[in-house]
Amino acid sequence: QVQLVESGGGLVQPGGSLRLSCTASESIFSRYDMGWYRQAPGKQRELVARIRSGGSTNYADSAKGRFTISRDNAKNTVYLQMNSLQPGDTAVYYCNADSRLQWVRDYWGQGTQVTVSS
C-alpha cells in the first residue's frame with residue numbers, strides 16, 4: 001500500500017510563503033499524476049495544482065501565478081511552493097496520487113493544515 005505523507009503546513013501571515021512537501025513510500029511518480037488539493041471547512045475539496053508524469057502542470061485559477069508544483073522522482077517527493085498567500089488559501093492541503101485508471105486505486109495523504117492569518 002502506498003503511503004503519502006505531507007509536511008510543511010503551518011500558520012503564515014498574508015503575503016507570506018510556505019512550501020509543502022509530499023513524500024511517497026514507493027516510487028510511483030513515474031506512473032501517477034500528482035496533485036495538491038485543498039479543503040476548507042464547509043467547502044468542497046478542490047484541485048489546486050497537478051503535475052503529470054511527463055512533467056506538465058496545471059493550476060487552479062486562484063493558484064496560478066502564486067503557486068508552483070514540482071516533482072523530484074528520485075526522492076519520491078512532490079512540492080507545492082505557495083507565495084503571496086492570502087486568507088482564502090486557508091485549508092487542509094492534501095497530496096494525491098492519481099493512477100488515471102479506474103481499476104487502479106488512487107492515494108491520498110493525511111493532509112496538512114495551512115492557515116493564513118494576521
Side-chain angles (χ1 to χ4, degrees):
Q1 172 108 194
V2 174
Q3 293 179 311
L4 303 176
V5 179
E6 303 100 333
S7 63
L11 175 64
V12 65
Q13 294 184 359
S17 298
L18 287 173
R19 189 193 194 200
L20 306 183
S21 299
C22 171
T23 299
S25 61
E26 302 176 21
S27 300
I28 64 168
F29 289 178
S30 64
R31 301 179 67 87
Y32 285 74
D33 293 347
M34 301 301 300
W36 287 97
Y37 290 72
R38 68 186 182 189
Q39 187 168 25
K43 298 183 67 176
Q44 297 280 345
R45 186 172 298 187
E46 63 177 350
L47 175 68
V48 178
R50 176 186 290 142
I51 184 165
R52 305 285 186 181
S53 59
S56 63
T57 60
N58 68 285
Y59 298 89
D61 287 343
S62 61
K64 197 171 299 181
R66 300 188 298 127
F67 294 2
T68 302
I69 188 170
S70 60
R71 185 182 66 199
D72 188 336
N73 287 358
K75 296 180 179 179
N76 301 316
T77 300
V78 63
Y79 305 94
L80 184 67
Q81 178 67 46
M82 304 187 293
N83 299 325
S84 302
L85 285 162
Q86 298 299 315
D89 298 315
T90 296
V92 177
Y93 284 70
Y94 297 92
C95 181
N96 167 257
D98 183 0
S99 72
R100 304 180 70 185
L101 299 170
Q102 185 177 9
W103 57 92
V104 180
R105 68 176 297 172
D106 301 332
Y107 296 95
W108 291 90
Q110 294 280 66
T112 184
Q113 177 71 48
V114 171
T115 302
V116 185
S117 176
S118 60

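Of all heavy-atom pairs between Val114 and Gly9, the closest is CG2-CA, 4.2 Å. For the pair Leu4 and Cys22, the tightest heavy-atom approach, listed with the atom from each and the gap, is CB-SG, 3.9 Å. Contact detail for Ala91 and Ala40: the closest heavy-atom pair is CB-N, 3.9 Å. Ser21 and Trp36 make their closest contact through O-CH2, 3.6 Å (heavy atoms, listed as atom of the first residue, atom of the second, distance).
Within the 4.5 Å cutoff, the side chain of Asn58 has heavy atoms near those of the Leu47 side chain. Counting only heavy atoms from C-beta outward, the side chains of Tyr79 and Asp72 approach each other to under 4.5 Å. Side-chain contact between Leu20 and Glu6: absent, with no pair of heavy atoms (C-beta onward) separated by less than 4.5 Å. Between Thr90 and Gln113 there is a side-chain heavy-atom pair separated by less than 4.5 Å.
Grouping the Ile, Leu, Val, Met, Phe, Trp and Tyr side chains by contacts below 4.5 angstrom, directly or via other members, places Leu101 with Tyr107. Residues Tyr94 and Tyr32 do not share a hydrophobic cluster, clusters being chains of Ile/Leu/Val/Met/Phe/Trp/Tyr side chains in contact below 4.5 Å. Both Tyr59 and Tyr93 belong to a common hydrophobic cluster when Ile, Leu, Val, Met, Phe, Trp and Tyr are linked at side-chain heavy-atom distances under 4.5 angstrom. With hydrophobic clusters built from ILVMFWY side chains whose heavy atoms lie under 4.5 angstrom apart, Met34 does not share a cluster with Tyr37. Val92 and Val12 fall into different hydrophobic clusters, where Ile, Leu, Val, Met, Phe, Trp and Tyr side chains are chained together by heavy-atom contacts under 4.5 Å.
Judged purely by atom type and a 3.5 angstrom limit, Ser99 uses its side chain to pair as donor or acceptor with the backbone of Val104. Judged by distance alone, the side chain of Arg71 and the main-chain N or O of Ser30 form no donor-acceptor pair under 3.5 Å.
Taking CZ from Arg31 and CD from Glu26, the interatomic distance works out to 12.0 Å, rounded to the nearest 0.5 Å. Note that CG of Asp33 is 11.5 Å distant from OG1 of Thr57, once rounded to the nearest 0.5 Å. The CG atom of Leu80 lies 11.0 Å from the OG1 atom of Thr112; values are rounded to the nearest 0.5 Å.
Within a 6.0 Å sphere centred on CD of Gln39, heavy atoms belonging to other residues, nucleotides or ligands number more than 12. At most 12 heavy atoms of other shown residues, nucleotides or ligands fall within 6.0 angstrom of atom CD in Gln110.
Residues Thr77 and Thr23 have side chains that bring a donor and an acceptor to within less than 3.5 angstrom of each other. Counting only N and O atoms by type, the side chains of Ser17 and Asn83 include a donor and acceptor under 3.5 Å apart.
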Q: Would you check, one step at a time, whether the test side-chain contact (heavy atoms from CB on, under 4.5 Å) holds for Glu46 with Gln44?
A: CA-CA 6 Å; Glu46 63 177 350; Gln44 297 280 345; over 6 Å; no
Q.
Run Phe67 and Leu85 through side-chain contact (heavy atoms from CB on, under 4.5 Å) and show every step you take.
A. CA-CA 9 Å; Phe67 294 2; Leu85 285 162; 3.8 Å; yes
Q. Going through the checks in order, is the side-chain contact (heavy atoms from CB on, under 4.5 Å) test met by Arg66 and Asp89?
A. CA-CA 11 Å; Arg66 300 188 298 127; Asp89 298 315; 2.8 Å; yes
